[in-house]
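Worksheet: the structure to be examined is printed underneath.
What's counted below: heavy atoms across the whole structure, side chains too, no hydrogens, waters or symmetry copies. Just so we're on the same page: letters track the sequence lines, and every chain starts at 1.
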There are 2 protein chains.
Amino acid sequence: MFSKACEYGIKASIYIALQSLQDKRVSLKEIAEEINSPVAFTAKILHQLAKNDILDSVKGPAGGFQIEKDNVEKLKLSHVVFAIDGDSIYSGCGLGLEKCNEKQPCPLHDKFVIIRNELKQMLEETSLLDLTSGLDLGITFLKR
Amino acid sequence: MFSKACEYGIKASIYIALQSLQDKRVSLKEIAEEINSPVAFTAKILHQLAKNDILDSVKGPAGGFQIEKDNVEKLKLSHVVFAIDGDSIYSGCGLGLEKCNEKQPCPLHDKFVIIRNELKQMLEETSLLDLTSGLDLGITFLKR
DNA sequence: TTTAATTCGGATAAATTTGTCCGAATTAAA
DNA sequence: TTTAATTCGGACAAATTTATCCGAATTAAA
Ligand code: SF4
Ligand code: SF4
């Protein structure tokens with residue numbers, strides 16, 4: 001479904017969002033621990049999210065990553081996914097014909113597009129804030 | 001979404017199904033041409049589908065692949081996908097926690113499972129026969 | 001029986017994704 | 001000003017997926 005990089009990116013964003021709600025800036029090391037991901041690889045992904053204005057990063061001691069409080073609600077999963085995996089979810093298709101072309105659809109097109117659109121809609125309407133609440137209550141998890 | 005191998009497997013199955021309805025057995029070479037896929041790689045995939053009783057294969061001159069007419073309607077996309085990608089569609093999940101565990105769900109679980117189930121249902125109720133009709137009429141395509 | 005067409009199946013190679021390493025740049029605090 | 005903590009960023013390595021190659025096995029037809 002999503003690439004590994006994207007999975008890490010989503011988990012990291014959720015964790016950072018949760019901490020940001022309490023005005024805490026978190027370090028790469030802490031994030032990687034909390035989401036159980038390889039540190040150096042996670043660094044690249046966070047960097048990419050920072051470049052895309054999804055995260056705010058600060059170097060130096062007491063540095064780390066944070067999300068503006070206002071943005072925790074405004075940022076949707078679709079933003080995170082797009083920053084890492086690009087538009088593959090929107091254009092990437094069931095049978096991988098070179099370019100999607102509604103005029104020359106593959107046999108699966110109609111049925112596939114329905115699912116793809118629901119996924120798209122779900123990503124676009126789910127904010128980071130939505131995903132933090134369960135975590136905070138201890139009923140959802142980012143690692144086991 | 002699906003692996004490349006799976007995409008080729010689906011396209012090949014649809015093409016073979018279409019020809020099988022006219023009692024035609026088709027060769028690897030012809031299939032690869034019709035679905036625009038690398039020949040040798042396609043061979044492995046067809047082989048795997050044959051081992052899983054989705055295709056019937058015959059060696060030697062005038063050999064090739066075919067699907068029993070009765071099976072064209074009985075075979076669902078889910079069978080093809082399962083033979084190649086395994087149960088990743090059923091168990092593979094939004095954030096890739098090691099094992100899916102409803103008791104310790106990731107934050108995305110509820111929203112993700114809805115989509116995953118719809119995909120699953122679509123694959124389980126779509127037969128190869130369903131996918132051949134448009135092809136036959138020239139309104140859907142396996143390559144461009 | 002010989003030949004040729006074909007799938008079978010293993011070894012290997014190329015491409016992509018995932019992951020590691022390490023030094024440079026930045027910055028807060030000592 | 002020095003030190004140490006941190007992100008930045010490029011080079012590299014490992015793992016996985018995708019793809020190629022080639023000989024063996026099978027089988028229909030010449
Ligand atoms: S025709 Fe439909 S399923 Fe095929 S590539 Fe385009 S959108 Fe995807
Ligand atoms: S908790 Fe839900 S989304 Fe997470 S791995 Fe399990 S099924 Fe998938």
Side-chain angles (χ1 to χ4, degrees), chain A residues 1-13 15-16 19 24-67 81 83-86 88 92 95-96 98, chain B residues 1-13 15-16 19 24-67 81 83-86 88 92 95-96 98:
Chain A
M1 179 69 63
F2 304 118
S3 69
K4 223 66 180 143
C6 197
E7 287 180 6
Y8 296 147
I10 294 172
K11 290 192 218 181
S13 298
Y15 180 71
I16 298 166
Q19 299 305 315
K24 284 186 194 157
R25 186 173 288 276
V26 285
S27 72
L28 165 64
K29 203 178 141 197
E30 178 181 345
I31 294 165
E33 240 158 49
E34 288 295 328
I35 71 175
N36 197 28
S37 68
V39 178
F41 191 42
T42 306
K44 314 237 121 139
I45 297 160
L46 294 179
H47 182 40
Q48 203 171 346
L49 291 175
K51 273 197 303 188
N52 281 273
D53 295 319
I54 288 167
L55 307 178
D56 166 56
S57 75
V58 170
K59 292 178 192 171
F65 298 88
Q66 198 165 17
I67 297 175
V81 171
I84 297 174
D85 278 354
S88 64
L95 299 189
E98 298 73 26
Chain B
M1 179 68 62
F2 303 119
S3 68
K4 223 67 180 138
C6 197
E7 287 179 6
Y8 296 147
I10 294 172
K11 289 192 218 181
S13 297
Y15 180 71
I16 298 167
Q19 299 305 315
K24 283 185 195 159
R25 186 173 287 277
V26 284
S27 72
L28 165 64
K29 202 179 143 197
E30 178 181 344
I31 294 165
E33 239 158 51
E34 288 294 329
I35 72 175
N36 197 28
S37 67
V39 178
F41 190 41
T42 306
K44 314 236 119 140
I45 297 161
L46 293 179
H47 183 39
Q48 202 172 347
L49 291 175
K51 273 197 304 188
N52 282 273
D53 295 319
I54 288 167
L55 307 179
D56 166 56
S57 74
V58 169
K59 293 178 191 171
F65 300 88
Q66 197 165 16
I67 297 175
V81 171
I84 297 173
D85 278 355
S88 63
L95 299 189
E98 298 73 26

Counting side-chain heavy atoms from CB outward, which of dG19(C), dT7(D), dT20(D) is closest to Phe65(A)?
dT7(D)
At less than 4.0 Å, is any side-chain N or O atom of Tyr8(B) found next to OP1 or OP2 of dT18(D)? Yes or no.
no
Any donor and acceptor pair, going by atom type alone, linking the side chain of Arg25(A) with main-chain N or O of Gly63(A) inside 3.5 Å?
no
I need the residues from residues 46-62 of chain B with at least one non-hydrogen atom less than 4.0 Å from DNA chain D; give them sorted by number, or say none.
Lys59(B), Gly60(B), Pro61(B)
Under the side chain to side chain donor-acceptor pair (under 3.5 Å) test, which residues partner Asp53(B), sequence neighbours left out?
none
Asn36(B) side chain to Ala32(B) backbone, donor-acceptor under 3.5 Å:
no
Any idea which of dT18(D), dT6(D), dT18(C) is nearest the Ala5(A) side chain?
dT18(C)
Given pairs defined as Watson-Crick or G-U wobble with both distances under 3.5 Å, what dot-bracket annotation applies to DNA chain D, with ( ) intrastrand, [ ] crossing, | other strand and . unpaired?
||||||||||||||||||||||||||||||
In whole Å, what is the span from the NZ atom of Lys44(B) to the C1' atom of dC22(D)?
11 Å
Just call it for Lys29(A): base, sugar-phosphate, or nothing, with non-hydrogen atoms closer than 4.0 Å on any strand.
nothing
Take atom CD of Glu7(A) and atom P of dT18(C), then tell me their distance rounded to the nearest Å.
9 Å
Over how many whole Å does the gap from Lys4(A) atom NZ to dG19(C) atom C1' extend?
12 Å
In whole angstroms, how far is the C1' atom of dT7(D) from the CD atom of Glu30(A)?
15 Å
Value for CG (Leu55(B)) from CD1 (Ile31(B)), rounded to nearest 0.5 Å, stands at 7.5 Å
Measure from CD1 on Ile45(B) to P on dT20(D) and round the result to the nearest Å.
11 Å
Taking atom P of dT6(C) as reference, at what distance in whole Å does atom CZ of Arg25(B) sit?
12 Å
Within the structure provided, determine whether Val81(B) and Ile10(B) are in side-chain contact (heavy-atom separation under 4.5 Å).
yes
For atom CZ of Phe41(B) and atom C1' of dA19(D), their distance in whole Å:
7 Å
